[in-house]
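Reviewing the structure listed below.
Chain letters run A, B, ... following the sequence lines, proteins first and then strands; every chain starts at 1.
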2 protein chains.
Amino acid sequence: MPSTLDHVFAALADPTRRAILARLAEGEASVTELAEPFEMSLPAVSKHIKVLERAGLISRGRDAQFRPCRLEPEALKEAAGWLAFYRRFWGGSLDRLAAYLEDEEEAGP
Amino acid sequence: MPSTLDHVFAALADPTRRAILARLAEGEASVTELAEPFEMSLPAVSKHIKVLERAGLISRGRDAQFRPCRLEPEALKEAAGWLAFYRRFWGGSLDRLAAYLEDEEEAGP
DNA sequence: GCGGAACTTAACTGATAGGTTAAATATCTC
DNA sequence: GAGATATTTAACCTATCAGTTAAGTTCCGC
């Protein structure tokens, strides 16, 4: 079972999906609305949306025929947290991380 | 040509590669050293390393037969920046992002 | 209840990812 | 220069991805 971190980063690796997220940052949108800027078929966008949903980055409602998408910021937290953790050490003293990891070793990963 | 953001996120989507990065945060390491914790062949690890390198997340030196890997924190900046930008808005007022995007529209994306 | 709009599912395709084993390439050591 | 060590390349396999078109499904409006 792949971790959600796998899914989140994989979802973010595609420019179409990042564009969809950017669009959703402006507010909820239907699939057709989200598909509009792209030169690909609706099913293709529908698949991208499913990937984002599986990663927990968006969730969907029901409004008649529409399945409005909205952002789920929580999923980003994990990813941002991972990056922030490593950036903190990479940018600064690596010895600090080594020490930190040694301390953690007793408590488990 | 895929953006580096594509490559960085795609590289981070694999747990083996994240583990390699975590290991490198403790300091430089050779391919064999990096491969040691994993139950996969050396060529497989070599490929993972190549993916990380192409993403700009690591760089490599030459020390006799060894090709030591070290972190390149710069590549993380772009990814962390992307996440931070959206998290800022997603967590807070979405109106702010809408306003921001409208302002940017004149200057271009 | 029919027509149409909004999606989704199914079936297919070509490309890429992630792994394997076996062979090739460098470089040190003796 | 022969042998050992470190790493890469090549050739291959299977699974997943990103896209397609065509055929459902669901729900509104009349």
In whole angstroms, how far is the [atom2] atom of [N] from the [atom1] atom of [X]?
{"X": "A/K50", "N": "D/dG19", "atom1": "NZ", "atom2": "C1'", "result": "14 Å"}
{"X": "A/E53", "N": "C/dT8", "atom1": "CD", "atom2": "C1'", "result": "12 Å"}
{"X": "A/R60", "N": "C/dT8", "atom1": "CZ", "atom2": "C1'", "result": "9 Å"}
{"X": "B/L52", "N": "D/dT8", "atom1": "CG", "atom2": "C1'", "result": "16 Å"}
{"X": "B/F66", "N": "D/dT5", "atom1": "CZ", "atom2": "C1'", "result": "7 Å"}
{"X": "A/K47", "N": "C/dA15", "atom1": "NZ", "atom2": "P", "result": "16 Å"}
{"X": "A/R67", "N": "D/dC28", "atom1": "CZ", "atom2": "P", "result": "13 Å"}
{"X": "A/E36", "N": "C/dC7", "atom1": "CD", "atom2": "C1'", "result": "17 Å"}

Closest nucleotide of DNA chain D for A/M40 versus for B/S46: which of these residues is on the 5' side?
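Taking each residue's closest nucleotide, the earlier one in sequence belongs to B/S46.
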
When you measure from every atom of DNA chain D, which of residues 9-17 of chain B have a heavy atom less than 4.0 Å away?
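Heavy-atom contacts with DNA chain D come from no residue of residues 9-17 of chain B; none.
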
Just how far is it from atom [atom1] of [X] to atom [atom2] of [Y], taken to the nearest 0.5 Å?
{"X": "B/L76", "Y": "B/L57", "atom1": "CG", "atom2": "CG", "answer": "5.5 Å"}
{"X": "A/F66", "Y": "A/E33", "atom1": "CZ", "atom2": "CD", "answer": "7.5 Å"}
{"X": "A/C69", "Y": "A/I20", "atom1": "SG", "atom2": "CD1", "answer": "8.0 Å"}
{"X": "A/I58", "Y": "A/R70", "atom1": "CD1", "atom2": "CZ", "answer": "9.5 Å"}
{"X": "B/T16", "Y": "A/D6", "atom1": "OG1", "atom2": "CG", "answer": "9.0 Å"}

Would you say the side chain of B/L12 lies within less than 4.5 Å of the side chain of A/W82, judging by non-hydrogen atoms?
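Side chain of A/W82 against side chain of B/L12, heavy atoms only: contact under 4.5 Å found.
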
Please check the phosphate of C/dA5 (OP1 and OP2 only) for any side-chain N or O of A/T32 closer than 4.0 Å.
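For C/dA5, neither OP1 nor OP2 has a side-chain N or O of A/T32 closer than 4.0 Å.
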
Taking all non-hydrogen atoms of both residues, which atom of A/D63 and which atom of A/P68 are closest, and how far apart?
N-CD, 3.9 Å

Is there any side-chain hydrogen bond (donor to acceptor under 3.5 Å, both in side chains) pair reaching into residues 34-56 of chain B, and which pairs are they, with sequence neighbours excluded?
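Pairs touching residues 34-56 of chain B that pass the test: B/R17-B/H48.
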
Using a cutoff of under 3.5 Å, can you pull out all pairs of nitrogen or oxygen atoms linking the protein to nucleotides 21-27 of chain C, with atom names and distances?
none

Are the side chain of B/R62 and the backbone N or O of B/R67 linked by a donor-acceptor pair below 3.5 Å?
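Between the backbone of B/R67 and the side chain of B/R62 there is no qualifying donor-acceptor contact (under 3.5 Å).
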
